[in-house]
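Before any comments, here is the structure.
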Amino acid sequence: MAKHATPLLDQLESGPWPSWVSDIKQEAETRAKNVNGIEYQIPVDVCEDVLGLMELTYVQKRTHWKHGGIVGVFGYGGGVIGRYCDQPQQFPGVAHFHTVRVSQPAGKYYSTKYLKDICDLWERRGSGLTNMHGSTGDIIFIGTTTPQLEEIFFELTHNLNQDLGGSGSNLRTPSDCIGSSRCEYSCYDTQALCHALTVDYQDELHRPAFPYKFKFKFDGCPNCCVASIARSDMSFIGTWKDDIRIDQKAVQAYIGGELKPNAGAHASRDWGKFDIAKEVLNLCPTKCMWMDGGKLVIDNKECTRCMHCINVMPRGLRIGQETGLSILVGAKAPILDGAQMGSLLVPFIKVEEPYDEIKEVIEGVWDWWMEEGKNRERLGELIKRQGFQKLLEVTNIEAMPQHVQEPRHNPYIFWREDEVEGGFEREITEFRKHHQR
Amino acid sequence: MDKEAGKKAIVEYLTKKAKSKSKFYLKDFYEVIPEEKPRDVKNLVNEMVKDGTLEYWSSGSTTMIGLKGTGKQAAAEDEA
Amino acid sequence: MAFISSGYNPDKPMENRITDIGPRHFEEFYPPVIKANKGKWLYHEILEPGVLVHVSESGDEVYTVRVGGARLMSCTHIREICEIADKHCDGYVRFTTRNNIEFMVDNKNKVAALKADLESRKFIGGSFKFPVGGTGAGITNIVHTQGWIHCHTPATDASGPVKATMDVLFDDFKSMRMPAHLRVSLACCLNMCGAVHCSDIAILGFHRKPPMLDHEYLDKMCEIPLAIAACPTAAIRPSKVELPGGATVNSVAVKNERCMYCGNCYTMCPAMPLADAEGDGIVLMVGGKVSNRISRPTFSKVVVAFIPNETPRWPTTTSTIKKIVDVYASSANKYERLGEWAERIGWERFFEKCEIPFTHHLIDDFRDPAYYTWRHTTQFKF
């Protein structure tokens, strides 16, 4: 018999998609039975109280959580989000219900040994509920009490060689796409770069250094599977400089119908016979490819590497071999002055350990933002406020046409004095010799 | 830099402001010791967190800093 | 429930402290076939919805079976994932950015048993534990935020609407009939922890009422200057308020017409709650994307200004989404994303085809970007 009746939540148990209500109920049951004799460090019926509280929320349609300013563990400025329930008498199991962010491994690959280890820890010291994973990428432990926070951190670091993730005005836990570990499109080793920068910038990740949050994300190619271009203050997107590699025989096999276009991604529907002109050549945004006597020709100089042709014919076309990444900066969600997409800052940079060139760009940007950024001002907003030119100045990057979609719409250029011949200071008496008052 | 003087200035500033508010952004401390670089101020603040003088307070999205144990919300949370 | 110490000494927090070690190194967790072939992959193919093969220049192959998961997941469920991975995948498993789980095997003849095992597992309530799908030109898992399970400023739940929506879109999770990828995301308030603003379809929780003011307790619970400073639109100012009992207290006043309902003040001051059963609900946005394929990455646009929170299954929200998905699927060209299709046919036609009423709320009036969304041409459709 469940502790709280949950008639509304129960309606989310039907239907084919995995039901989190069923899952929390199963966790509640596991805890109640406790066949492994775990010495639970928070109330055993925490999951039942979660369900009871959620049911109440579904009836009243108002959240029952209050924010707590607790930041986590001693010396760290992030990694824990404090939560208190506003009905603690009715639901004592969730009176404190803090989350802990655990820094996920790059690429989100796991051994089952590791996953079982973190389950052992979290079942004992927390609710047994998680997010795999949070929006930023961390493993999220949902729901524990204040006295458990240091204990969890101690066990994570001492027994599992595992640190917390970021929150607050910190570098947030960086995250990456699957990269070259299992994707032929990837222009660099996203896991290697993501892990190296995460480790190198641990201080920024744990101790508030910035005016606001700061996110790194790593996409191996312009398909942008981790959406770095939309949601990271600095996004690292793989690209290449040389020619797309063509296997003419495979291209013919697509034309002939032996190979399925787009790696079979459209297989559930009959789209008719593959038509290379209609499906590839005419959709190319720069029209830089054509057929010449049965051979596919690409004018690579005009290609903007949108990936469409490669996506459609992955066995016929491959990314180039002179690979690297582009750095775009300033992406953010709409709050406050509207959403911003990442803006191209560095068109191409080689990805070579120990990544000094990349770090030079990062640190130049950080120094500027730490100095000039207002409280709660994202990097993108600072760039808007002080101008893209200022960003170029602090990163020592020359302006180039690649930086803009189009040149400015107004001539209101604020010239620097040293750019104007003779400077700003002039002699009025000299002027008056030739111009009466 | 004279760390002790910096620490003293920060504590004085926070104590003086304690009546109106208890939590400040890191940026506010730049102005308390304007001669120091942002990164050094951050390191100093963190040292003061470690030695138990200051503590962080987080809204989840941003972090603030105050004298340890002060503020109305801190009191409310200890009871919770 | 005896307290068990981890070894941490609260009197000496710095004793034996280990900090700044970061995450575990990813190489520990690579399945052998991944480790051996990293950087050598030649091509991939989607064999059927949810099943991929990647072929290496070494001749090795890795077969991936992708399953959907609720990102809100219990340890019991994770242990079941481990049991499957131990049985079929030599003890390795991977999660995707969009909350899917990937089970990988190094041989084609291991796929059928793995897939059958995954598809056979159901929760007692009847839903699949591990539905196979989420690949290619279909609808993959919804990325989302916390919602009512953990957040203090949500305007809607996250896991509930996601479950309800995925139930409605389930056939398209398991098939690839769409013209292109279709990505659905949910954020439970306008702060968008989950940056949903570039999704083909974004479900966004939205408050519509300014905060309430608990004058009697406000100055006791909160630091008024912090509440004032928290407001991004400067809508909050200090005020003195006379309580019904006659006492005068320090409090705040909110300029309601400036309030954008972000909840930042509630974060700083629990005496300013803003959640409301009638006020809160869902905004639908469509037509965004993050890929650079063919066209530029684009932001999603608001097409439904408000849908009430209809617990427990949000039927108006899910049926509106289903309608948009079906019209898109039947009208767009192959490879055309939802936003590219809407741009091609024109947004006036989008509203007509999807049978969504257009109201003044859908014309941008918020700060600078607004002007650029108005029509600056005589080209439009009747």
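Only this structure's heavy atoms are used, side chains among them; waters, hydrogens and symmetry mates stay out. First the proteins, then the strands, lettered A, B, ... as listed; each starts at 1.
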> Is the shortest side-chain N to carboxylate O distance from A:Glu184 to C:Lys40 below 4.0 Å?
Replying inline: no
> For A:Arg182, is it the side chain, the backbone, both or neither that has a heavy atom under 4.5 Å from a heavy atom of chain C?
Replying inline: both
> Side chain, backbone, both or neither: which part of A:Glu151 has a non-hydrogen atom closer than 4.5 Å to chain C?
Replying inline: both
> How many angstroms lie between SG in A:Cys284 and NE2 in A:His308, if you round to the nearest 0.5 Å?
Replying inline: 8.5 Å
>> Given heavy-atom pairs under 4.5 angstrom as the criterion, report whether the side chain, backbone, both or neither of A:Met54 touches chain C.
In response: side chain
> Between A:Lys332 and chain C, which part of the residue has a heavy atom less than 4.5 Å away: side chain, backbone, both or neither?
Replying inline: backbone
> chain A heavy atoms under 4.5 Å from C:Arg367: which part of the residue, side chain, backbone, both or neither?
Replying inline: side chain
> Is it the side chain or the backbone of C:Gln146 that comes within 4.5 Å of chain A heavy atoms, both, or neither?
Replying inline: side chain
> What part of A:Glu279 lies closer than 4.5 angstrom to a heavy atom of chain C: side chain, backbone, both or neither?
Replying inline: both
> What residues, two or more places apart in sequence or in another chain, satisfy side-chain hydrogen bond (donor to acceptor under 3.5 Å, both in side chains) together with C:Asp20?
Replying inline: A:Arg207
>> For the interface with chain C, which of A:Leu129, A:Leu336, A:Thr30 has the highest count of heavy-atom pairs at distances below 4.5 Å?
In response: A:Leu336
> Any chance CD1 of C:Ile124 has more than 12 other-residue heavy atoms, nucleotides or ligands included, within less than 6.0 Å?
Replying inline: no
> If you count heavy-atom pairs under 4.5 Å with chain A, which of C:Ser295, C:Pro131, C:Ser56, C:Gly126 comes out on top?
Replying inline: C:Pro131
> Between C:Ala155, C:Gly125, C:Ala275, C:Gly22, which has the largest tally of heavy atom pairs under 4.5 Å with chain A?
Replying inline: C:Gly22
> For A:Arg31, is it the side chain, the backbone, both or neither that has a heavy atom under 4.5 Å from a heavy atom of chain C?
Replying inline: neither
> Would the number of heavy atoms belonging to other residues, nucleotides or ligands and lying under 6.0 Å from CZ of C:Arg296 be above 12?
Replying inline: no
> Which atoms of A:Leu12 come close to chain C, meaning under 4.5 Å heavy atom to heavy atom: side chain ones, backbone ones, both, or neither?
Replying inline: both
>> Between C:Phe366 and chain A, with a heavy-atom cut-off of 4.5 Å, which part of the residue counts as in contact: side chain, backbone, both or neither?
In response: side chain
> Do you know which of A:Asp337, A:Thr198, A:Val199 has the most heavy-atom pairs with chain C at a distance under 4.5 angstrom?
Replying inline: A:Asp337
> Using a cut-off of under 4.5 Å for heavy-atom pairs, which of C:Val67, C:Ile149, C:Thr233 has the most such pairs with chain A?
Replying inline: C:Ile149
> Where on A:Val73 is there a heavy atom nearer than 4.5 Å to chain C: the side chain, the backbone, both, or neither?
Replying inline: both
> For C:Thr298, is it the side chain, the backbone, both or neither that has a heavy atom under 4.5 Å from a heavy atom of chain A?
Replying inline: backbone
> Is it the side chain or the backbone of A:His206 that comes within 4.5 Å of chain C heavy atoms, both, or neither?
Replying inline: side chain
>> Can a donor-acceptor pair be found, under 3.5 Å and without considering hydrogens, that links the side chain of C:Lys163 to the backbone of A:Gly15?
In response: yes
> Does A:Arg83 make a cation-pi contact with A:Phe97 (under 6.0 Å, within 45 degrees of the axis)?
Replying inline: no
> Is it the side chain or the backbone of A:Gln60 that comes within 4.5 Å of chain C heavy atoms, both, or neither?
Replying inline: backbone
> Counting distance only, does the side-chain N/O of A:Gln191 pair as donor-acceptor with the main-chain N or O of A:Ile178 below 3.5 Å?
Replying inline: yes
>> If I measure from the heavy atoms of chain A, does C:Asn16 come under 4.5 Å with its side chain, its backbone, both, or neither?
In response: both
>> I'd like to verify something: which residue of C:Met166, C:Arg98, C:Glu45 has the highest number of heavy-atom pairs under 4.5 Å with chain A?
In response: C:Met166
>> Is there a side chain to side chain donor-acceptor pair (under 3.5 Å) between A:Ser180 and A:Tyr185? Walk through the geometry before answering.
In response: CA-CA 7 Å; A:Ser180 52; A:Tyr185 300 154; over 6 Å; no
>> Looking at A:Asp120 and C:Arg79, is there a salt bridge between them, counting it only when a charged N and a carboxylate O are closer than 4.0 Å?
In response: yes
> Can you check whether A:Tyr84's main-chain N or O pairs, donor with acceptor, with A:Trp65's side chain at less than 3.5 Å?
Replying inline: no
> What part of C:Ser185 gets closer than 4.5 Å to chain A, counting heavy atoms only: side chain, backbone, both or neither?
Replying inline: neither
> Which answer fits C:Thr135, side chain, backbone, both or neither, if we ask what part of it has an atom under 4.5 Å from a heavy atom of chain A?
Replying inline: neither
> Where on C:Pro273 is there a heavy atom nearer than 4.5 Å to chain A: the side chain, the backbone, both, or neither?
Replying inline: neither
> By a 4.5 Å heavy-atom criterion (distance strictly below it), what part of A:Arg376 contacts chain C: side chain, backbone, both, or neither?
Replying inline: side chain
> What class does the angle between the rings of C:Phe123 and C:His77 fall in, given that below 30° is parallel, 30 to 60° is tilted and above 60° is perpendicular?
Replying inline: parallel
>> Main chain of A:Tyr58, side chain of C:Thr311: is a donor-acceptor contact present, judged purely on distance under 3.5 Å?
In response: yes
>> Can you tell me which portion of A:Leu283 sits under 4.5 Å from chain C's heavy atoms? Options are side chain, backbone, both or neither.
In response: both
>> Given heavy-atom pairs under 4.5 angstrom as the criterion, report whether the side chain, backbone, both or neither of C:His54 touches chain A.
In response: side chain
> Going by an N to O cut-off under 4.0 Å, is there a salt bridge joining C:Asp167 and C:Arg313?
Replying inline: yes
>> Given heavy-atom pairs under 4.5 angstrom as the criterion, report whether the side chain, backbone, both or neither of A:Cys183 touches chain C.
In response: backbone
>> Heavy-atom pairs under 4.5 Å with chain C: which of A:Lys25, A:His158, A:Arg124 has the most?
In response: A:His158
> By a 4.5 Å heavy-atom criterion (distance strictly below it), what part of A:Val312 contacts chain C: side chain, backbone, both, or neither?
Replying inline: both
> Which residue out of C:Lys35, C:Glu336, C:His44 racks up the most heavy-atom pairs below 4.5 Å with chain A?
Replying inline: C:His44
> Non-hydrogen atoms of chain A under 4.5 Å away: do they reach the side chain of C:Phe170, the backbone, both or neither?
Replying inline: side chain
> Which is it for A:Asp219 and A:Ser228 under the side chain to side chain donor-acceptor pair (under 3.5 Å) test, yes or no, and what are the steps along the way?
Replying inline: CA-CA 6 Å; A:Asp219 271 309; A:Ser228 66; 2.7 Å; yes
> What residue, out of C:Lys38, C:Arg71, C:Glu28, has the most heavy-atom pairs lying under 4.5 Å from chain A?
Replying inline: C:Arg71
